[in-house]
Structure formats: structure tokens, C-alpha cells
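Lettering follows sequence order; numbering is per chain, from 1.
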There are 2 protein chains.
Amino acid sequence: MVTLAEVAQHAGVSASTVSYVLSGKRSISATTRTRVEQSIRELGYHPNAGARALASSRSNIIALMIPLRTDMYVPVMMEIAIAVATTARTHGYDVLLLTGEEGPDAVRRVTGSGLADAMILMDVQLDDERLPLLRGTDQPSVLIGLPADTTGLTCVDLDFKATGALCVEHLAMLGHRDIAVIGEAPAVYERHTGFAERTLDGLRLRSQELGMRLLHRPCEGGYDAMAVTLARILDERPATTGFVVQNESAVEPLLALLRQQGRAVPEDVSVVGVCPDQVAVQASVRLTSVSIPAQEMGRHAVEQLVAKLEGRGSDEVVLIAPELTIRASTGPAPSAAH
Amino acid sequence: MVTLAEVAQHAGVSASTVSYVLSGKRSISATTRTRVEQSIRELGYHPNAGARALASSRSNIIALMIPLRTDMYVPVMMEIAIAVATTARTHGYDVLLLTGEEGPDAVRRVTGSGLADAMILMDVQLDDERLPLLRGTDQPSVLIGLPADTTGLTCVDLDFKATGALCVEHLAMLGHRDIAVIGEAPAVYERHTGFAERTLDGLRLRSQELGMRLLHRPCEGGYDAMAVTLARILDERPATTGFVVQNESAVEPLLALLRQQGRAVPEDVSVVGVCPDQVAVQASVRLTSVSIPAQEMGRHAVEQLVAKLEGRGSDEVVLIAPELTIRASTGPAPSAAH
DNA sequence: ATAGGTTGTCGAAGCGCTTCGACAGCTTTT
DNA sequence: AAAAGCTGTCGAAGCGCTTCGACAACCTAT
């Protein structure tokens, strides 16, 4: 294992000079710099992470807490995680992967041990028990998601309320008046994950403003659950012509069931998804959808964090504006054509 | 930030005593131990990770390299990653998330800097460029996947060859004679990811032994690609009654297309999947499948690694035996019923 | 030519921990 | 009763780096 001292000796300079070449915190003459860099290359030197962390009290590591349960939005989580990891690397940080399992203890452990310089939390509950800890420490953090109280916190998320509104507007514009919302599994609402409720808020508010009827039903996803849910919806509101689906694993079952019942998409009914683009594109009817900008959220979170670590940046809530992509699953309401 | 020295002072012992209480590497009297533990709790002490790493040259971190591209098996990757993280924690390790982006350089960086004590590599190519580096270092590593040459390496993977054989046997037992294999995207075969080819080997070998006809077609996944692929298959081998699908995003399209063509599953054709259980269960016809034991692979990999780090354990290839779960998508071949 | 600035380099201290050898105070063996 | 062995604790060295103050060596202004 090559050390700083060996590089210094090889280059004929002192250890501190090598350190300054590496960090750029003091000016170094061009000749010395190139000589040192040459030695570093020749010897294959890599600074020791532990020593560095000890001396500088900076680990250059960002902790990422991902939810343990993988019952929803797995590809989105993965995409965020990967975006976080790659973006972090471009800023010289590595990423430590924590699962939600340890809960608040993980926050204490990481903060207390100096293992990481900062944290990113995913899957934040409206009233998350980790939040007081984050507020009580001076270690920077960013949430992906939106808790009930954001004071003193930095958050990045899709603007789900606007997303709901956008879906409704699109359907309204096409002449739909009766809309059904296929939501996430009941458990998601019960544990008060903000995004599902915020979407619903947006849907309700805008549909009310536009004088539309809205029916919301959570759904476990999968064929059997979707069949039951759909039957109930059509029973209760036979005039339904527009669907908004916020549940990856309900998309395909819904399309299949509609087809099976002889309801053509988009001729008879329109379907709007809130899901990753990949899901929308791979569906049997290419789905008009608001995409979940996973990469953007991950990248954003890291950039906020890096800004904080460098003393720039402050607490703020960044809501990414939703974008609706029109594909083949929405069209004019049948009654509107008459 | 509380330090060892402060704990020592608070407990009225020397720093080294506290250290030994923590590590258990020397015997400590019960009274002293409890007193120290008390102080640790009262002061909320957490050992500094950097200092620890520097002094012991052990970081207690395991690096996990996941593939950057998320074009396949995303949920599986995620499940493995989570299993790795939670298993690692039970052994006192944290997990550093690396993306494939840096390639071999990441291996050099991690090894050289002592950032991690060991590595787990996912998505190993048959002739992976990281392998020579792994062989050339004394840092323990485990591969999830199987390269062409495994000498000096430890690997964990599903026995895909046996998986292929198992699928064929199941279909053979049901009387099917003409089988089509819907594979991963062509790119997967081109980049020589072992698992796809090994499955194919198993399929081919066993079907030959059993005197069955086998047709293999890679497929991008999604409806359009699947439609084209299926048409070609049925054109070339109209007698096909059994399908083996090794491509998550082709499962649902295949089922939908078969239905659409009036071929009932499992009455007219049988379908066997090689996919995570979740995919098999959520499909429109509950799929007979060989599951990808993601959790088990992740757990296994960590346990191998920990064994190595503790001086136990050696290089070996662990192939997990495939398990076929019979669900609703396979049944007797129609000709067999005549 | 001298005072005052820059610029580039060095030496030394110290980050918080682990670990080794030393040793005091016991207990056991001969 | 002396020798030998344990047990439990301590002090000190050192892990490889960053960073601060010091200071030559040079450059500019007076």
C-alpha cells in the first residue's frame, strides 16, 4: 500500500506538498505539481480513505436510506439510487446504502460515527420519526419526498398535487366528466406516504373546479384485485369514461380487463397513468402518462446536498413540475363526439 | 462529538480499556465493563469510523457494484442489493454502492484507498475486465453471476443450466414436444452475460436428450417486439405448444398476444417463466416459473465474504438449485390428450 | 537599496482510534 | 515460601493524512 510519504519521497518534496497538490488548497508551482503527479501515477497511489476522513473530518460519503419494503415503485427507487450514485461520483462522493430497517438508529449511527457527511432519505412518511433527528443535527440532509412539516428541511419531489391536477385537466379537455382514480394499495394510504395523498388532493381540487365527478379507489394491483376494483367502480359510476392510474402493477390489469369487457381504449374510455415512462411505453396500449422523474430527483438531491456541504445552498423545497406525455391511451370522451 | 478519551475519563479508566470493552479483544472485569458501557450510553458515544479504519486498517464496509444500465431485472437487482445491505448489517458491515460506470477503475479506487474491506460484483460478464484486478489483489470478493473462468474467484448464482433443464423437463412431462424459448434482448446475448447463455445450454441439452424440438429467439420485450417475435415463431414452428420465457418484460405481452390469437393458456399452450416470483404471480395467468432467488443470492454473497474476511471460507462456486413452482400457465399438451 | 508583498515549500502537530508490551496484583503449582 | 502463570489494566506508539504557522526566495514599490 503506497502512502503519501512514499510519493513525497519519490518526488523529492515534503508530504504536505503532495497533500496540497492533491487538494489544490494552496498554490503549487507547475513544475512541482507535474513531478508529484508523475510520482502518483508511477507508484499507483490512492489516498487512504480512513486517514483522510480522520484528518479532515470529511468522509466524502453520502448516505442513502432506501425503504426496506419493495412493494411499490421498485424500478423508480432503483433509478433514483443509481442517479444518486453516479451524480455523487461526479462530485467526488461515494454512496453508502442504508436500508430503512434500522430506522432512526441508522441516522444516529451515521451522524455519530462520521461515516457519512450527509444523508438522503427516500420514502419519507408524512410524520417520519427520523425528521426530529435530522433537525437536531448539523449534518446536511435532503429528503426525496415531502413530509407534513418541512420547516428546517430540504426536500425534492415531483409536484404530485400538480400532477393530479394535470391528469384531470387533460381528461377534462377531452370532454370526460366522470373519472375514476385507481390508487396505490390501501396500505400506502394508511401509512401516510405523502405522494399518494397529494396526488389525490390535486385530482380532487381540480376536478371540483372543473365540475367533474371523481371516484377514488385504492387497489392492491394484480389482476384479481383490479377486477374487483373495476367491477365496483363501474357498478357505482357506470358513466365513467376516464381513468387515472397511480399504481404500476394495476396498469396492465386495467387495460386487459377493459379490453376483455369490450371497452376500447381510447375510443370508449381514456386512461392516464402516473408512472415511470418505461411502464407507460411497455403497456399494451401505449399510455398517456405523467412520468416519475426518478433520475432528476436523484440528481437534484445530490446537488442540493453538495451545495450545502460547500456552504452554498439552503433549506428549500424543490417541487419538480409534472410533465404529461400524450400517447395512445387517451382520446375524446364518447359523449363529446355525439 | 464524543471521543473515546472522554468516555474513558467519564468511566475513570484508560482509553485502551474502553477500546477493549468495545472490541472484546482482551478480557475485562465485569465491573469495569458495565461502568464503561454505562458511560458510553450516557454520553451517546459512537466510535469515529475514520479513526477506526485508520488504526485497524479495516473499514467495515463492503462495496457493492451494481450495473448502471437498468434494462433488465431491475427488481431482482434491487432485491439483491437490499438483501446484501441487511445481511451486511447483521455482521457489522455497511454497504457502499458503486455503479458499473467507473468500470475497473472503481475496483482500483476502492482497493487502493481502503474504502471497503471487500467487494461484491453483480452483472458479471463472461469475460469481465474487472476479474484480473480481483485476482491480483488480496481483497476478498464475491461475484453474483458466473464468468467463463472462475479460477481464484468466489461466485454465487442460480444454476441457470439446471434451470433450463428443469423447464424442459416440466414441459416434456406434460407431453409437449415443440418448445419455443423467448429470451432476453439480443444485446444481453451479445454482451455475453453468462446467465442467458447458460439457461440456453440447459434448455438445449435437455431437450435434445428428451428428443424435443427447441427454437430460441431473443426478444426486446414490450408488445410490439413480442408480437413480431411470436409471429415468426409460429410461422416457423406452427406445432409449438410450449413456451419458456426468460424476459420479464415479455411475459405479459406474450400472454396477451396468445389470448388475442385465441390460444388458451394452459389448454392450448403452456408457458414457463424464468423470473422473480412477483412477476409470475402478478401476471394475467399465474405463471408456472422458476424463480430468481434474489434474496438468497445476496445473503449468500455477504456470508461468503464475511467468512473470507474472518479467515474462514475459501474460493468456491455456489450454484443455487432452481425450484420450479407450478401455477396456472402449464398443462398437458393438447396432442397428448388425443 | 530597503520595506512590504507574494508565492511556493516545509516541518510538526494532531485527528481518534487500535494494539503491543509492560506490569501490578492475584492465584496456582512445586 | 519461592517460582510460575493468569487477569485486568495502562501508557505509548503509530495508522496516513490535513492543515497551520513559519519562512526562504523572489518580486514589486518606494
Side-chain angles (χ1 to χ4, degrees), chain A residues 1-37 39-40 43-61 92 94 109-117 309, chain B residues 1-37 39-40 43-61 92 94 109-117 309:
Chain A
M1 189 113 306
V2 189
T3 70
L4 229 214
E6 296 176 73
V7 174
Q9 192 175 3
H10 186 271
V13 298
S14 79
S16 48
T17 301
V18 177
S19 178
Y20 286 123
V21 166
L22 250 31
S23 69
K25 291 191 179 172
R26 284 200 181 173
S27 57
I28 297 287
S29 69
T31 41
T32 307
R33 190 203 318 289
T34 49
R35 198 143 38 86
V36 169
E37 283 166 350
S39 298
I40 288 177
L43 301 180
Y45 168 71
H46 285 272
N48 181 89
R52 201 165 237 202
L54 178 57
S56 65
S57 23
R58 291 293 230 91
S59 64
N60 285 301
I61 289 180
D94 273 295
R109 194 166 60 86
V110 168
T111 312
S113 67
L115 231 187
D117 297 332
L309 286 168
Chain B
M1 188 110 307
V2 189
T3 69
L4 228 214
E6 296 177 73
V7 174
Q9 193 176 1
H10 186 272
V13 298
S14 78
S16 48
T17 301
V18 177
S19 178
Y20 286 123
V21 167
L22 250 31
S23 68
K25 290 191 180 172
R26 284 202 181 172
S27 58
I28 298 286
S29 69
T31 40
T32 307
R33 191 203 318 287
T34 49
R35 197 143 39 86
V36 169
E37 283 166 351
S39 297
I40 288 176
L43 300 179
Y45 169 72
H46 285 272
N48 182 91
R52 198 164 240 202
L54 177 56
S56 65
S57 25
R58 290 292 231 92
S59 64
N60 284 302
I61 289 180
D94 273 295
R109 195 166 59 83
V110 169
T111 312
S113 67
L115 231 188
D117 297 333
L309 286 168

Subject >> Heavy-atom side-chain proximity of B/Ile61 to B/Val110 below 4.5 angstrom >> reply: no
Original post:
Hey, does B/Thr3 reach any base, or is it just sugar-phosphate, or nothing, if we go heavy atoms under 4.0 Å?
Top reply: sugar-phosphate
**OP:** Inspect the surroundings of CD in B/Gln9 and state if more than 12 heavy atoms from other residues, nucleotides or ligands are less than 6.0 Å away.
**Re:** no
Original post:
So, for B/Val21 and B/Glu37, which heavy atoms are closest and what is the spacing to 0.1 Å?
Top reply: CG1-CG, 4.3 Å
Original post:
Atom OG in A/Ser19, atom CZ in A/Arg52: separation rounded to 0.5 Å?
Top reply: 7.5 Å
Subject >> B/Val36 side chain near B/Ile28 side chain, heavy-atom distance below 4.5 Å >> reply: no
Subject >> Nucleotide interval of DNA chain C bounded by contacts with chain B (heavy-atom cut-off, under 4.0 Å) >> reply: C/dG16 to C/dA22
Original post:
If you fit an axis to the five pairs at each end of the helix from C/dA1-D/dT30 to C/dT30-D/dA1, how big is the angle between those two axes, to 10 degrees?
Top reply: 40°
Original post:
Which heavy-atom pair separates B/Glu6 from B/Met1 by the least distance, and what is that distance?
Top reply: OE2-O, 3.4 Å
Original post:
Can you find a heavy atom in the side chain of B/Tyr45 that is under 4.5 Å from one in the side chain of B/Leu22?
Top reply: yes
**OP:** Under 4.0 Å from any atom of DNA chain C, heavy atoms only: list the residues of residues 20-32 of chain A that qualify, in numerical order.
**Re:** A/Tyr20, A/Arg26, A/Ser27, A/Ile28, A/Ser29, A/Thr32
**OP:** Please figure out whether B/Ala55 or B/Gly12 has its closest DNA chain D nucleotide nearer the 5' end.
**Re:** B/Gly12
**OP:** Taking the side chain as every heavy atom from C-beta outward, state whether A/Val18 and A/Val13 have any atom pair closer than 4.5 Å.
**Re:** yes
Original post:
Looking at side-chain heavy atoms only, is the closest gap between B/Val7 and B/Val2 below 4.5 Å?
Top reply: yes
Original post:
Checking B/Ser59 side chain against B/Leu115 main chain: does a donor-acceptor pair fall under 3.5 Å?
Top reply: yes
